[in-house]
There are 2 protein chains.
Amino acid sequence: MPRPRSLTSDQPASAALAVIDRDGLAGLSMRAVAQELGMSTMGLYRYVHDREELERLVVELVLGAVDTEPPDPDASWRERIEAMARRLRDAVSAHPAVVPLTITHRHRSLGVLRWSEAVLTVLTEAGVEGERRVIALRGLISYVIGAIQLEDLGPLSGSGTAAITELPSGEFPLMSETARHARNVGADQEFLGGLAMLLDGLGGLDSLDA
Amino acid sequence: MPRPRSLTSDQPASAALAVIDRDGLAGLSMRAVAQELGMSTMGLYRYVHDREELERLVVELVLGAVDTEPPDPDASWRERIEAMARRLRDAVSAHPAVVPLTITHRHRSLGVLRWSEAVLTVLTEAGVEGERRVIALRGLISYVIGAIQLEDLGPLSGSGTAAITELPSGEFPLMSETARHARNVGADQEFLGGLAMLLDGLGGLDSLDA
DNA sequence: ACCTGAACACCGTTCAAGT
DNA sequence: ACCTGAACACCGTTCAAGT
């Protein structure tokens, strides 16, 4: 793998992201990205070892865009964690087609690492320590990535769930009723509502004063 | 699409699942599944319209295996929801390679629908109604699917995170410290701990008596 | 020394040709 | 009427052949 020359190191990733944003994940191919860069297909192999590395760089590009500045120090620990959760959600939902890649590539992204460090700072300031801090961090990440995917899949009030009402009569009565209620729950309210449940649980534990 | 004859309707899906379990998701191809079934590649197209439908059937097979019997009525609402969460986790982690498919295929699985109905039954018995019930259900699903993926990615105490300690000195001090604590937190404890946070938050709300 | 196009081994899917 | 193998248009990647 000799030194690249004509391209900066992040150009292959942003070209790939441009292809994905335009043509979807199915449109991603080495040939398409090379064309986007105006070079021969094999020229791309000068910058990435293989397709997998290219995909990893795309994930890193998207997650690296998460704002990891320390949140407003005047806000409560709860508001600060909410702000961090929103930022992760915002960064990913700017490129929804990339979501499957973020899961397939079980790598430790620097962006997520920086995000985690910022969240841990808030948790620590709130007095959460030791194993409880492990569980709180992992619980938050689990919730946020799950919620992003569920949101990407469409709201409970969406067309997919609307079809539930038309299923064999009375087979899913509560699900039908809940889907009707879901029409009044927006995506933001749903995301923040679930997050609030988690934070209520975290706050209900000892050693949290704010 | 004429009537199939020699195969029952779920054989293509279980053959595909067998291929995935043996060779991983990358090993899944129409040719491989046809061979698994002992038929010509094109014979498979008698049973499924295209590869996408085959993948959808695999997801349905895995999620359809979730135990959705009503949980022990003598247990508290909290224990019953924990039991349901465990069952979903168990069904998916029996076939970890399928996880990416469950995300890519944004379809409404009957298995998840039955699971949701059972969870809603418990929530309703616990006095959770209306929009709060929407948020509780979606929050639980978000957490569980996120946690399954994070678990599949490896524990915080695993080799991936161990490398964090060797990053540029002091760049991620809290993350390093947290990773050390994570060595004492098992996968079950982590899953149930995060779930407990959510349920504490849910239980802290009004109208829950049990 | 650097770059690239042809070629290889795959893939999903079409379709005409077999019985 | 039913089934299937060759063929088509892709794919990631190798590598020898060009300059």
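Residue numbering restarts at 1 for every chain, and letters A, B, ... go by the order of the sequence lines.
- The two residues A:Glu36 and A:Ala18 have their closest heavy-atom pair at OE2-CB, 3.9 Å.
- What separates CG of B:Leu44 from C1' of C:dT13 is a distance of 12 Å, to the nearest Å.
- Between B:Glu82 and B:Arg86 there is no salt bridge, since no side-chain N of the basic residue sits under 4.0 Å from a carboxylate O of the acidic one.
- Nucleotide C:dG5 holds its P atom 15 Å from the OH atom of A:Tyr45, rounded to whole Å.
- Against DNA chain D, the stretch residues 11-28 of chain B makes no heavy-atom approach under 4.0 Å.
- Whole-Å rounding puts the B:Arg51 CZ to D:dC10 P distance at 18 Å.
- For A:His49 and D:dG12, the NE2 to C1' distance is 12 Å, given to the nearest whole Å.
- At least one side-chain nitrogen or oxygen of B:Arg46 sits closer than 4.0 Å to the OP1 or OP2 atom of D:dC3.
- Here B:Glu52 pairs with B:Arg56 in a salt bridge; the nearest charged N to carboxylate O distance falls below 4.0 Å.
- Residue A:Ser40 places none of its side-chain N or O atoms closer than 4.0 Å to OP1 or OP2 of C:dC3.
- One interatomic measurement links the two molecules: CG of A:Leu37 to P of C:dT4, which rounds to 12 Å at whole-angstrom precision.
- For DNA chain D, if you chain together Watson-Crick or G-U pairs that step i with j, i+1 with j-1 and so on, the runs of at least three with distances under 3.5 Å are C:4-8 with D:12-16, C:12-16 with D:4-8.
- Remark: P of C:dC11 and CE of A:Met30 are 19 Å apart, rounded to the nearest angstrom.
- If you check every strand for non-hydrogen atoms under 4.0 Å, A:Met42 touches a base.
- Counting to the nearest Å, the C1' atom of D:dC3 and the CE atom of B:Met39 are 10 Å from each other.
- The pair B:Arg78-B:Asp200 meets the salt-bridge criterion, with a side-chain N (NZ, NE, NH1 or NH2) lying under 4.0 Å from an Asp/Glu carboxylate O.
- Distance alone, capped at 3.5 Å, is enough to place a donor-acceptor pair between the A:Arg80 side chain and the A:Ala75 backbone.
- D:dG18 and C:dC8 have their P atoms separated by 16 Å, with the value rounded to a whole Å.
- Under the 3.5 Å distance criterion, the side-chain polar atoms of A:Asp23 are left unmatched by any main-chain donor or acceptor of A:Ala26.
- With A:Asp188 contributing its side chain and A:Phe191 its backbone, the two residues share no donor-acceptor pair below 3.5 Å.
- A donor-acceptor contact shorter than 3.5 Å is absent between the side chain of B:Arg89 and the backbone of B:Ala147.
- Sparse packing is recorded around CD of B:Gln35, with 12 or fewer heavy atoms of other residues, nucleotides or ligands lying under 6.0 Å away.
- Both A:Gly43 and B:Asp50 sit near DNA chain C, but only A:Gly43 has its closest nucleotide nearer the 5' end.
- With rounding to whole Å, B:Arg31 atom CZ is found 13 Å from D:dT4 atom C1'.
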